[in-house]
Q: 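What follows is a single structure, and I will ask about it in a moment.
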Amino acid sequence: MFRMENIKNPLICDKENILTVSHVLKNTTIFNSDYYDTVELIDEDSLVYLDPPYRPLNNNSFTTYAGYEFKDEDQIRLSMFYGEISDKGARVILSNSDPKNTNPQDNFFDDL
């Protein structure tokens with residue numbers, strides 16, 4: 001169970017947790033590639049979590065992984081991928097920023 005005091009004094013090498021996670025992931029394949037490389041592998045039995053660089057809310061927003069800026073065109077491409085795998089029956093989770101927090105007129109994600 002997660003407790004707030006764990007933030008101040010985290011257990012780095014939790015043997016029990018590592019063994020449990022190892023057991024749970026035993027039949028799992030993890031890919032490190034462009035997400036579109038996985039589209040043929042995804043089906044109705046898949047759970048997909050997408051965590052891209054968020055759309056910036058201000059000049060300090062995180063928008064890059066490994067030096068590549070994730071722009072609106074990339075957000076649109078990701079939205080298309082999300083729709084494609086969702087249509088296949090996959091369960092999909094996508095995290096992102098909400099530009100309406102800083103600009104109520106910004107309908108970027110609503111329109112997607």
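Side chains are part of it too, since the values below use all heavy atoms of this structure and drop only hydrogens, waters and symmetry mates. Quantities reported herein were computed from a predicted structural model and do not represent experimental measurements.
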Q: If only atom types and distance count, is the side chain of Lys100 paired as donor or acceptor with the main-chain N or O of Phe109 below 3.5 Å?
A: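 Such a contact is absent between Lys100 side chain and Phe109 backbone.
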Q: To the nearest 0.5 Å, tell me how far Asp72 CG sits from Leu78 CG.
A: 12.0 Å
Q: If we ignore hydrogens and angles and just use 3.5 Å, is the side chain of Ser97 paired with the main-chain N or O of Arg55 as donor and acceptor?
A: yes
Q: How long is the span from the CG atom in Asn96 to the CG atom in Leu50, to the nearest 0.5 Å?
A: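 The CG atom of Asn96 sits 10.0 Å away from the CG atom of Leu50.
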Q: Taking all non-hydrogen atoms of both residues, which atom of Asp106 and which atom of Pro99 are closest, and how far apart?
A: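 Distance-wise, the nearest heavy atoms are OD2-CB, 3.2 Å.
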Q: Taking the side chain as C-beta and beyond, is there a heavy-atom pair between Arg77 and Asp34 under 4.5 Å?
A: yes
Q: Is there a donor-acceptor pair under 3.5 Å between the side chain of Asp74 and the backbone N or O of Lys71?
A: yes
Q: Without swapping roles, check the side chain of Thr20 against the backbone of Glu16 for a donor-acceptor pair under 3.5 Å.
A: yes
Q: Counting only N and O atoms by type, is there a donor-acceptor contact under 3.5 Å from the side chain of Arg91 to the main-chain atoms of Glu44?
A: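 Yes; judged by distance alone, with no hydrogens or angles, the pair exists.
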Q: Roughly how far, to the nearest 0.5 Å, is the CD1 atom of Ile85 from the OH atom of Tyr35?
A: 10.0 Å
Q: How long is the straight-line distance from CG of Asn107 back to CD of Gln105, given to the nearest 0.5 Å?
A: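 Gln105 atom CD to Asn107 atom CG measures 7.0 Å (nearest 0.5 Å).
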Q: Check whether any side-chain heavy atom of Leu94 lies under 4.5 Å from a side-chain heavy atom of Pro52, and answer yes or no.
A: yes
Q: Nearest 0.5 angstrom please: Asp98 CG to Phe108 CZ, how far?
A: 12.5 Å
